[in-house]
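Notes to accompany the following structure.
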Amino acid sequence: MLRVRFAPSPTGFLHVGSARTFIFNWLYARRNRGTMVLRLDDTDVERNTDASVNSIFEGLRWLDLGWDEEYKQSERLALHRHIADAIFQKGLAYRDFTPAHTGDTEKSGANQTWLFNPGMRELPRAESDRRAAAGETFALRFRVPRDTAETVSFHDAVYGDQLKSTADIEDFALLRSDGMPTYHLASCADDIDLRISHIIRGQDHLSNTYKHVLIFQGAGAHPPQFAHLPLLVAPDGSKLSKRRHGPVVSVTTYRDAGFLPEAFINFLCLLGWSPKDNRENLTRQELIEAFSLEGINRANAVINFKEPAATPDETFDPKALWLNAEHIRALTVDHLSARLLPVVHAAGFPITADKMHAITPLIRERIKLLRDVLTAADFFLLADNQLPPYDPAELIPQKGDAAMALKVLTRAREVLPHTEFKHDPLDQTLRNASQELGVKAGQMFQPIRVAVCGRKNAPPLFETLEVLGRESTLARIDQALGKL
RNA sequence: GGCGCUAUCGUCUAGGGGUUAGGACGGAAGAUUCUCAAUCUUCAAACCCGGGUUCGAUUCCCGGUAGCGCUACCA
């Protein structure tokens, strides 16, 4: 049975790199009819916060992918200690009574003692037992077998065969002096107990994997399959961090801006993975079918946002925006309208579902993010007397003057009360009016568009008027006339 | 410092001993439309450097360089 896990540590919000790791695990599980395990790696009591746990669940729920089993590492400490003890009893670990480093004293690079604290590794068992019994605190360290084994190796599905000399692996800690397991121990103990078959995680763990292989072997278990993912990095190549890059790395930022989760997932999948057939826009089902570990590549991927964002959109990778627009256009009017309504309501516009449904087709091809509805459809949402102010000069058509604008709007004001507010009759009436006036159709439409929308760039005129209705249209033309 | 991983257009990527090095986003130009958007067409844009191996390397090998990761009683 194939089992994968996503194991975030709740020390901050769910960030995009973690989200991608979750997604790849999920895809692999679904592709191979396996089980997806969610495990909170919360052994670092100092740094864990409830807010972080909430943020992680919030982000994962938004992705709407789900998982099959859920665990909390802090509830499994007995298991961790049991496995640590088993390793100790086999002589594969030793007690280190050296006081823990306080503060981040400089790791004196060149010194030779980085592998372990001299003396402790070879401390006779009897003395070790005596000191422990006397209540001295100690960390439990793995005794890396430098005499009996010269290398540690494993196969990585992405990076291939990996080999490292034991001389280059330090005696890492299994248990802290307060008895809490370290990440390495807890992670491996749980992976064994939960029968995880494939560990898919960030490449920052590639070098740690040698230690994990040692723990698996020390505990008498077969190491699972490994697949490390290239990291997601900032445009300057640096690691994504909250401190340096702010909210752009948080999943909730994407949600709040109006990304569709399916588009966000699609975007993240394209960073460090490729279906290799030139497809870019993929549905969830297509991703499941196309996903494979072989499609993952080895170089870090840049999320291409602008460091100081000049516009709100620059917070996001242009490709993410494009993909979101693609997914928005792929939605039916019913579905898109249902997604847009809460956004509009949240902004304080109490419009009906029917109104939203009527507006949706007019803006579907004009928005990249759900929040864009507020700017793209503002003139549908605002009251007639609350349109954003515009320069009266905007009312003047191309190659025309104020007199032409006046003429056009006056004529429209005369003709519209008797026109049925449907696309075709409006089209007919206004085109005829332009001919009678001797102006081009565009010269007729543009002043009306500005009068009604408050700006030059807007959806097609007749559909707009139809949705807006006769009353608002006439009121807004009157207002425009007042400006001329 | 030590150990390791990586290197194709600005970005995401395909490819692979002989190719016009392909696609996408973004950019530019044009078509179309009542404006905008969408759509369509076209254009500019890349194999990190140096040695090998080879008839021939962007591709294979070695070295360099650069970036990143690990080097915690963080994860």
Side-chain angles (χ1 to χ4, degrees), chain A residues 7-11 41-44 46-47 96 98-101 104 107-112 114-115 137-141 156 158-160 162-165 167-170 172-184 186-187 202-211 228 230-231 233 235-239 267 270-281 297-305 317-323 325 329 362-368 376 397-398 427 430-431 434 440-446 448-450 453 455-462:
Chain A
S9 59
T11 54
D41 279 9
D42 56 349
T43 55
D44 185 357
E46 299 284 302
R47 300 199 305 154
D96 182 350
T98 313
H101 286 301
D104 35 3
K107 39 187 131 179
S108 44
N111 82 32
Q112 299 292 75
W114 65 273
L115 285 171
T137 62
F138 59 86
L140 191 69
R141 281 185 187 280
D156 187 277
V158 174
Y159 291 92
Q162 303 292 314
L163 194 76
K164 189 166 192 165
S165 167
D168 293 319
I169 304 173
E170 73 279 11
F172 54 94
L174 259 22
L175 250 28
R176 303 181 181 120
S177 48
D178 62 0
M180 285 293 282
T182 62
Y183 162 75
H184 300 303
S187 176
Q203 193 243 45
D204 47 345
H205 283 302
L206 190 62
S207 324
N208 287 329
T209 306
Y210 298 100
K211 297 172 195 165
H228 287 88
L231 265 21
V233 297
D236 66 356
S238 68
K239 198 175 176 177
F267 169 65
L270 261 20
L271 296 174
W273 173 81
S274 158
K276 298 188 187 291
D277 58 9
N278 281 345
R279 281 184 297 168
E280 306 265 347
N281 187 340
N297 62 350
R298 287 172 282 278
N300 291 170
V302 171
I303 294 191
N304 198 17
F305 55 84
D317 190 312
K319 193 156 199 165
L321 256 10
W322 170 75
L323 269 173
R329 282 177 228 124
L362 298 192
I363 59 164
R364 180 164 53 173
E365 269 135 33
R366 277 162 259 266
I367 60 175
K368 289 187 166 78
Q398 282 283 310
D427 188 335
L430 293 175
R431 268 181 214 283
S434 73
K440 289 185 179 174
Q443 292 175 315
M444 180 83 201
F445 302 156
Q446 196 64 357
I448 300 175
R449 185 195 319 283
V450 173
C453 302
R455 56 186 144 86
K456 285 179 172 170
N457 301 339
L461 187 60
F462 313 125

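Per chain, numbering begins at 1; letters A, B, ... match sequence-line order.
- Residue A:S177 is classed as a base contact, given a heavy-atom separation below 4.0 Å to a base.
- A distance of about 14 Å separates the P atoms of B:C9 and B:U59, rounded to the whole Å.
- Looking at heavy-atom distances under 4.0 Å, A:K440 makes no contact with the nucleic acid at all.
- Look at A:S207 and you won't find any side-chain N or O under 4.0 angstrom from OP1 or OP2 of B:U71.
- Shown here for A:Q162 and A:Y210, the closest heavy-atom pair between the two residues is CB-OH, 3.4 Å.
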*Using the salt bridge (Lys or Arg N to Asp or Glu O under 4.0 Å) rule, take A:K319 and A:D317 through it: C-alpha gap first, then chi angles, then the decisive distance, then the call.*
CA-CA 5 Å; A:K319 193 156 199 165; A:D317 190 312; over 6 Å; no
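- Annotation: A:K164, atom NZ; neighbour count of heavy atoms from other residues, nucleotides and ligands within 6.0 Å is above 12.
- Of the P atoms belonging to B:A29 and B:A38, the separation is 15 Å, rounded to the nearest Å.
- Contact annotation for A:R329: backbone-only contact, meaning every heavy-atom pair under 4.0 Å involves sugar-phosphate atoms and none involves a base.
- Here B:A75 presents its P atom at 14 Å from NZ of A:K239, a figure rounded to the nearest Å.
- Remark: the separation of the P atoms in B:U6 and B:C60 is 12 Å, to the nearest Å.
- The side-chain contact (heavy atoms from CB on, under 4.5 Å) search around A:R431 returns A:D427, A:A441, A:F445, A:F462, not counting sequence neighbours.
- Distance from the side chain of A:N304 is smallest for B:G10 among the nucleotides B:C34, B:G10, B:C73.
- Donor-acceptor pairing under 3.5 Å, judged by distance alone, is absent between the side chain of A:R298 and the base of B:C5.
- As a whole-Å value, the separation of A:Q203 CD from B:A75 C1' is 16 Å.
- A:F462 comes within 4.0 angstrom of a base, heavy atoms only.
- The residue from A:L271, A:D236, A:V233 that alone fulfils the side chain to side chain contact (heavy atoms under 4.5 Å, CB included) condition with A:V302 is A:V233.
- Partners of A:K456 by side-chain contact (heavy atoms from CB on, under 4.5 Å), not counting sequence neighbours, listed by chain and number: A:E394, A:Q446, A:V450.
- When the P atom is compared between B:G18 and B:U58, the two are found 11 Å apart, to the nearest whole Å.
- Under the Watson-Crick and G-U wobble criteria, each requiring two contacts below 3.5 Å, nucleotide B:C40 is paired to B:G30.
- Between B:U13 and B:U32, the distance separating the two C1' atoms is 31 Å to the nearest Å.
- Summarising the geometry, the separation between NE2 on A:H228 and C1' on B:U6 is reported as 15 Å, rounded to the nearest angstrom.
- Both distances falling under 3.5 Å, in either a Watson-Crick or a G-U wobble arrangement, occur for no nucleotide opposite B:U19.
- Going from atom CG of A:D204 over to atom P of B:G69 covers 8 Å, rounded to whole Å.
- With a 3.5 Å ceiling on both atom-pair distances, the Watson-Crick or G-U wobble partner of B:C60 is B:G52.
- B:C36 and B:G23 have their P atoms separated by 28 Å, given to the nearest Å.
- Residues passing the side-chain contact (heavy atoms from CB on, under 4.5 Å) test with A:A139, sequence neighbours excluded: none.
- When heavy atoms are screened at a 4.0 angstrom cut-off, A:E46 is found touching no nucleic acid atom at all.
- Base engagement by A:P460 is indicated by at least one non-hydrogen atom pair under 4.0 Å involving a base atom.
- Across all strands, A:T43 comes closer than 4.0 Å only to sugar-phosphate atoms, never to a base (heavy-atom distances).
- Heavy atoms of A:H205 sit under 4.0 angstrom from at least one base atom.
- Base pairing of B:U35 is not made with any nucleotide, judged by Watson-Crick or G-U wobble geometry with both donor-acceptor distances under 3.5 Å.
- Using a 4.0 Å cut-off, no side-chain N or O of A:R47 falls inside it from OP1 or OP2 of B:A75.
- Nearest-nucleotide mapping onto RNA chain B: of A:P8 and A:L163, the residue sitting toward the 5' end is A:L163.
- Searching all strands for a Watson-Crick or G-U wobble partner of B:U11 with both distances below 3.5 Å returns B:A24.
- Taking only side-chain atoms of A:Q446, from C-beta outward, the nucleotide of B:C73, B:U35, B:G69 with the closest atom is B:U35.
- When heavy atoms are screened at a 4.0 angstrom cut-off, A:N208 is found touching base atoms of the nucleic acid.
- Residues meeting the side-chain contact (heavy atoms from CB on, under 4.5 Å) test with A:T209, sequence neighbours left out: A:F154, A:R201, A:V213, A:F226, A:H228.
- For the pair A:P318 and A:G442, both in contact range of RNA chain B, the more 5′-proximal nearest nucleotide belongs to A:P318.
- Close to B:A38, at under 4.0 Å from its OP1 or OP2, lies no side-chain N or O of A:R364.
- Nucleotide B:G4 has B:C68 as its partner under the Watson-Crick or G-U criteria, with both atom distances under 3.5 Å.
- A:K368 comes within contact range of no nucleotide atom at all, as no heavy-atom separation falls under 4.0 Å.
- Between the side chain of A:N281 and the base of B:A24, no donor-acceptor pair under 3.5 Å is found.
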List every contact pair, protein side and nucleotides 12-14 of chain B side both N or O, where the distance is under 3.5 Å.
from, atom 1, to, atom 2, distance (Å)
B:C12, OP1, A:V302, N, 2.9
B:C12, O2', A:L270, O, 2.6
B:C12, O2, A:K319, NZ, 3.3
B:U13, OP1, A:G272, N, 2.3
B:A14, OP1, A:K276, NZ, 3.1

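- The pair A:R141-A:E170 does not meet the salt-bridge criterion, since no charged nitrogen lies less than 4.0 angstrom from a carboxylate oxygen.
- The interatomic distance linking A:W322 (CH2) with B:U11 (C1') rounds to 14 Å, in whole Å.
- With sequence neighbours excluded, no residue forms a salt bridge (charged side-chain N to carboxylate O under 4.0 Å, His left out) with A:R366.
- As rounded to the nearest Å, B:A46 and B:G15 have C1' atoms that lie 13 Å from one another.
- Contact of the A:D204 side chain with the A:K239 side chain is registered, since non-hydrogen atoms from C-beta on lie closer than 4.5 Å.
- Following rounding to the nearest Å, A:L206 (CG) and B:U6 (P) show an atom-to-atom distance of 8 Å.
- B:C68 atom P lies 15 Å from atom OH of A:Y159, rounded to whole Å.
- With rounding to whole Å, A:Q162 atom CD is found 8 Å from B:G4 atom C1'.
- Taking atom P on both B:A66 and B:C25, the two are 35 Å apart, rounded to the nearest angstrom.
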